[in-house]
Amino acid sequence: MNVFSHLTCVIHEEIERLCKAGTLPAGLDLSAVSVEPPREAEHGDAACNAALVLAKQARRKPREIAEHLAERLQERVECRSVEVAGPGFVNLRLTADFWWARLAELLTTGPGYGADDLGHGRRINVEYVSANPTGPLHVGHARGAVVGDALANLLAHMGFAVTREYYVNDAGAQVDALARSVHARYREACGETIGAIPEGLYPGDYLVPVGAALADRDGRRWLEEPESVWLPEIRSFAIEAMMDLVREDLETLGVRHDLFRSEHALVGEGRVDDAYAVLEKAGLIYDGVLEPPKGKRDEDWEPREQSLFRATAFGDDTDRPLRKSDGTWTYFATDIAYHRDKIERGFADMIDVWGADHGGYVKRMKAAVSALSNEAATLDVKICQMVKLLDDGEPVAMSKRAGRFVTLRDVVDEVGRDVVRFIMLPRRNDAPLEFDLRKVLEQSRDNPVFYVQYAHARACSALRRGAELVPEAELTPAALARTDFSCLDDPAELDLIRRLCQWPRVLAGAALAHEPHRLAFHLQELAGAFHLLWTRGKDDARLRFVDAERPSETRARLALISAVKIVVAEGLALFGVEPVQEMR
RNA sequence: GCGCCCGUAGCUCAGCCGGAUAGAGCACUUGAUUCCUAAUCAAGGGGUCGCAGGUUCGAGUCCUGCCGGGCGCGCCA
């Protein structure tokens with residue numbers, strides 16, 4: 001049970017009764033009525049804004065409505081006390097019995113507590129990483145990879161049918177440059193002296209083995225051929241090698257996509273022409289000349305007529321070109337075709353996870369999706385801001401030009417997959433992120449990975465001790481659910497139960513808002529409440545989790561711990577992080 | 001010049017559809033260890049929510065303008 005949606009229902013019922021009784025007018029719109037955990041613990045277990053929201057439409061004073069509502073709620077068994085506070089909030093305090101019953105529910109459900117069918121199997125496409133196949137992934141890519149993956153996990157958990165997708169930009173000038181770079185490395189492997197890699201090509205060492213592999217496979221046959229002959233061959237060889245590299249990098253992070261969609265294939269299948277024809281038929285394409293961008297150096301600017309998409313009709317600031325001067329498609333044109341491809345594959349909802357440098361691209365892509373779907377499809381773009389990589393407070397120098405950038409694999413090797421994954425998550429995607437290689441390995445409160453993992457390890461440790469006193473068959477969550485919880489009446493224990501019971505609400509909110517970082521914050525708070533109780537048990541023997549002298553209390557506390565373990569493990573699982581059994 | 005994002009405690013950041021006295025961690029000060037892992041916990045000080053207007057019973061949250069930072073701005077992807 002999601003406690004807060006349950007309480008919302010209860011309050012809706014009571015308001016409707018007040019309407020029937022004539023205390024309130026009939027036909028009120030209750031959609032804005034909500035029940036939330038109050039920010040301050042003093043305000044009780046749950047606060048309802050009904051009176052404030054309804055005051056205007058009911059033409060009553062908020063306090064007056066609140067008093068009537070409070071009177072009815074007082075009768076409910078789950079309410080220990082009800083009070084009207086502030087401008088007209090109704091604050092509920094729920095009985096300990098109510099909370100214990102929720103704890104029993106949590107344990108009965110076991111792993112998967114909080115999973116829900118919010119999505120009703122609705123299909124949603126999450127596209128993430130989509131890095132160009134020209135080299136290994138770097139730390140910046142890791143953020144998008146982890147955020148996209150966690151978001152996909154979360155949505156799947158909440159009843160959406162998720163497809164995880166990677167768009168492979170294997171067409172265009174950059175993969176030609178890749179092919180030329182590999183050709184240079186190939187000549188090198190064949191014994192030629194190549195000197196410095198020319199400007200505009202990819203200088204990284206990672207292409208050396210690719211050139212060597214090509215020489216192994218094809219011998220010296222490309223040495224005497226003109227570029228027009230070897231380029232297509234070497235290009236597809238190189239792209240395949242780069243995608244192998246990318247897949248390996250993703251594998252080290254534990255990220256797996258369902259589908260890799262190739263831009264090259266999309267163009268080859270005529271999908272871009274199709275999309276163009278559709279927009280043209282809808283009257284959304286015309287030939288025109290764009291204004292030069294102001295304030296930017298414009299000495300190279302020449303007015304040019306090109307086919308433009310009427311993006312301004314869908315909220316963009318200017319219309320956008322679809323063809324380059326040589327007649328080939330712009331990136332935007334193929335991206336329109338790609339999103340149309342997704343829509344045609346049955347996705348009315350799409351999420352794209354992009355890097356900060358694509359921020360200026362969001363409006364036109366949303367405009368295109370609106371145009372393609374007659375406003376029926378949705379596109380949410382999550383822009384991931386920069387990752388500032390630090391080593392003990394000092395910025396790690398990165399220079400793409402010198403080929404000196406920190407690869408994803410370097411970082412995973414350095415600190416481990418789970419740390420990389422967790423550290424990318426407790427931050428809103430549109431806020432920049434600091435990643436200190438030294439700090440994330442510290443075992444202290446300010447390292448969130450450690451802090452949450454430690455809570456899980458402590459829970460496991462206490463359960464191991466419990467196993468010495470209680471038969472194993474009685475330690476399963478389902479068995480523990482039948483325990484008498486009445487000794488769990490300390491405020492710190494009830495607080496922990498309340499936080500555990502907020503989990504379904506946090507999951508639902510995070511899924512609907514597409515904000516996985518909310519889970520990370522909740523896990524940290526939960527871990528804090530648990531650590532607090534643990535330490536209290538050191539001072540106050542009455543609160544100790546495992547005590548051979550007090551078997552029934554021990555069982556109740558093991559149940560509570562088991563619930564902590566379930567929720568923490570579930571949160572970590574959604575993040576793709578392995579919960580640890582002990583800290584070593 | 002234009003667009004998008006950001007601006008909340010000394011630092012790093014939460015703040016969920018507009019709600020109550022704006023929160024957490026770090027750092028700082030003080031305290032807790034014969035004890036299920038002190039790898040932890042408790043207490044304390046610390047704020048003009050960038051600035052100025054506006055809408056509202058009520059604004060960190062919405063609107064307008066400005067200031068500061070980041071990213072981007074046809075023939076790159």
Side-chain angles (χ1 to χ4, degrees), chain A residues 31-32 34 36-40 42-43 47 49 52-53 55-56 61-62 85-89 91 130 132 134 169 171-175 177 263 289-296 300-304 306 308 316-318 320-321 323-328 330-332 334-335 355-363 383 385-386 426-428 430-434 436 439 442-448 450-451 454 457-458 461-466 505-506 508-510 512-513 515 517-518 520-521 524-525 528 531-539 541 544-547 557 561 582-584:
Chain A
S31 59
S34 71
E36 293 175 10
R39 268 198 281 232
E40 304 219 14
E42 294 165 24
H43 294 146
N49 64 354
L52 294 156
V53 171
K56 197 170 260 175
K61 286 181 185 155
F89 289 98
N91 291 339
S130 298
N132 294 335
T134 56
N169 291 120
Q174 91 231 283
V175 281
E263 179 187 2
V289 180
L290 286 175
E291 293 289 309
K294 291 188 174 111
K296 216 189 154 221
D300 294 337
W301 177 270
E302 293 167 25
R304 176 172 290 126
Q306 40 191 174
L308 301 172
D316 201 359
D317 313 299
T318 175
R320 303 291 178 177
R323 279 188 203 276
K324 303 177 197 170
S325 53
D326 65 1
T328 60
T330 59
Y331 180 80
F332 182 48
T334 55
D335 236 359
D357 53 344
H358 288 63
Y361 212 74
V362 175
K363 272 192 183 179
I383 295 289
Q385 286 299 325
M386 308 275 291
R427 195 100 329 171
R428 273 191 1 248
D430 50 8
L433 171 73
E434 282 191 6
D436 193 316
K439 201 162 254 175
E442 269 175 25
Q443 300 193 320
S444 68
R445 172 83 213 235
D446 65 327
N447 175 0
F450 163 75
Y451 191 69
Y454 186 36
R458 274 185 151 173
S461 157
L463 287 167
R464 280 193 297 271
R465 293 197 148 249
R505 181 180 182 274
V506 172
L512 292 175
E515 290 186 351
H517 77 272
R518 295 193 199 177
F521 278 93
Q524 290 180 76
E525 284 171 13
H531 286 311
L532 179 156
L533 202 53
W534 185 289
T535 305
R536 287 271 309 281
K538 290 173 175 300
D539 298 328
R544 290 173 65 87
F545 292 136
V546 179
D547 185 346
R557 300 224 159 89
I561 289 167
E582 54 186 339
M583 295 310 287
R584 269 185 302 123

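Lettering follows sequence order; numbering is per chain, from 1.
An anti orientation is assigned to B/C73, its glycosidic angle lying beyond 90° of 0.
The shortest distance between the side-chain N/O atoms of A/K324 and the OP1/OP2 oxygens of B/A77 is below 4.0 Å. Under 4.0 angstrom from either OP1 or OP2 of B/U40 there lies no side-chain N or O belonging to A/R458. Contact annotation: A/K363 side-chain N/O to B/C4 OP1/OP2 distance is under 4.0 Å. Close to B/C41, at under 4.0 Å from its OP1 or OP2, lies a side-chain N or O of A/Y451. The phosphate of B/C17 has neither OP1 nor OP2 within less than 4.0 Å of any side-chain N or O from A/S34.
Toward the 5′ end of RNA chain B lies the nearest nucleotide of A/R505, the other residue of the pair A/R505 and A/G360 mapping further downstream. Along RNA chain B, the nucleotide nearest A/P37 and the nucleotide nearest A/L532 are compared for position; the residue whose nucleotide lies closer to the 5' end is A/P37.
Counting non-hydrogen atoms under 4.0 angstrom, A/A173 reaches the backbone sugars and phosphates but no base. A/P426 comes within contact range of no nucleotide atom at all, as no heavy-atom separation falls under 4.0 Å. Using a 4.0 Å heavy-atom criterion, one finds that A/D316 contacts no nucleic acid atom at all. Looking at heavy-atom distances under 4.0 Å, A/Y331 makes contact with a base. Across all strands shown, A/R427 has heavy atoms under 4.0 Å from sugar-phosphate atoms exclusively, and none from any base. Residue-level contact check: A/D430 touches the backbone only, with heavy atoms under 4.0 Å from sugar-phosphate atoms and none from bases. Counting non-hydrogen atoms under 4.0 angstrom, A/H517 reaches the backbone sugars and phosphates but no base. A/A513 comes within 4.0 angstrom of no nucleic acid atom, judged by non-hydrogen atoms across all strands. Residue A/V546 is in base contact, counting any heavy-atom pair closer than 4.0 Å across all strands shown. Residue contacts shown for A/R428 are limited to sugar-phosphate atoms, with no base heavy atom under 4.0 Å away. In this structure, A/A457 reaches neither bases nor backbone, as no heavy-atom distance under 4.0 Å exists between it and the strands shown.
Between A/Y454 and A/F450, the angle of the ring planes stays under 30°, which puts this pair in the parallel group of the 30/60° scheme.
The same atom, P, is picked in B/U61 and in B/C6; the two are 13 Å apart, to the nearest Å. B/U33 and B/C51 have their P atoms separated by 45 Å, given to the nearest Å. Comparing the C1' positions of B/U34 and B/C11 gives an interatomic distance of 39 Å, to the nearest angstrom. As rounded to the nearest Å, B/C49 and B/C62 have P atoms that lie 16 Å from one another. The same atom, C1', is picked in B/G23 and in B/G46; the two are 14 Å apart, to the nearest Å.
The structure places OG1 of A/T334 at 4.0 Å from CD of A/E263, a figure rounded to the nearest 0.5 Å. In this structure, CE on A/M386 lies 11.0 Å from CG on A/L433, to the nearest 0.5 angstrom. The line from CD of A/E434 to NZ of A/K439 is 8.0 Å long, rounded to the nearest 0.5 Å. Rounding to the nearest 0.5 angstrom, the gap separating the OH atom in A/Y361 from the CD1 atom in A/I383 is 12.0 Å. How far CG of A/D547 is from CZ of A/R557: 9.0 Å, rounded to the nearest 0.5 Å. With rounding to the nearest 0.5 Å, the separation of CZ in A/R536 from CZ in A/F545 is 10.0 Å.
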Pairing annotation in dot-bracket form, given for RNA chain B with Watson-Crick or G-U pairs under 3.5 Å and | for cross-strand partners: (((((((..((((.....[...)))).(((((.......))))).....(((((..]....))))))))))))....

List every contact pair, protein side and nucleotides 31-35 of chain B side both N or O, where the distance is under 3.5 Å.
unit_1	atom_1	unit_2	atom_2	d
B/C35	O2'	A/K538	NZ	3.3
B/C35	O2	A/K538	O	2.1
B/C35	N3	A/K538	O	3.3

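Closest to the side chain of A/F521, from the set B/U12, B/C71, B/A14, is B/A14. The side chain of A/Q385 has B/C5 as its nearest neighbour among B/A20, B/A38, B/C5. In this structure, the nucleotide among B/G15, B/U37, B/A42 sitting nearest to the side chain of A/Y454 is B/U37. The side chain of A/P38 approaches B/A20 more closely than any other nucleotide in the set B/A20, B/C36, B/C16.
Under the stacking criterion of a centre-to-centre distance below 5.5 angstrom and an interplanar angle below 30°, A/H43 sits stacked against the six-membered ring of B/A20.
Computed from coordinates, the A/D317 CG to B/G72 C1' distance equals 12 Å when rounded to whole Å.
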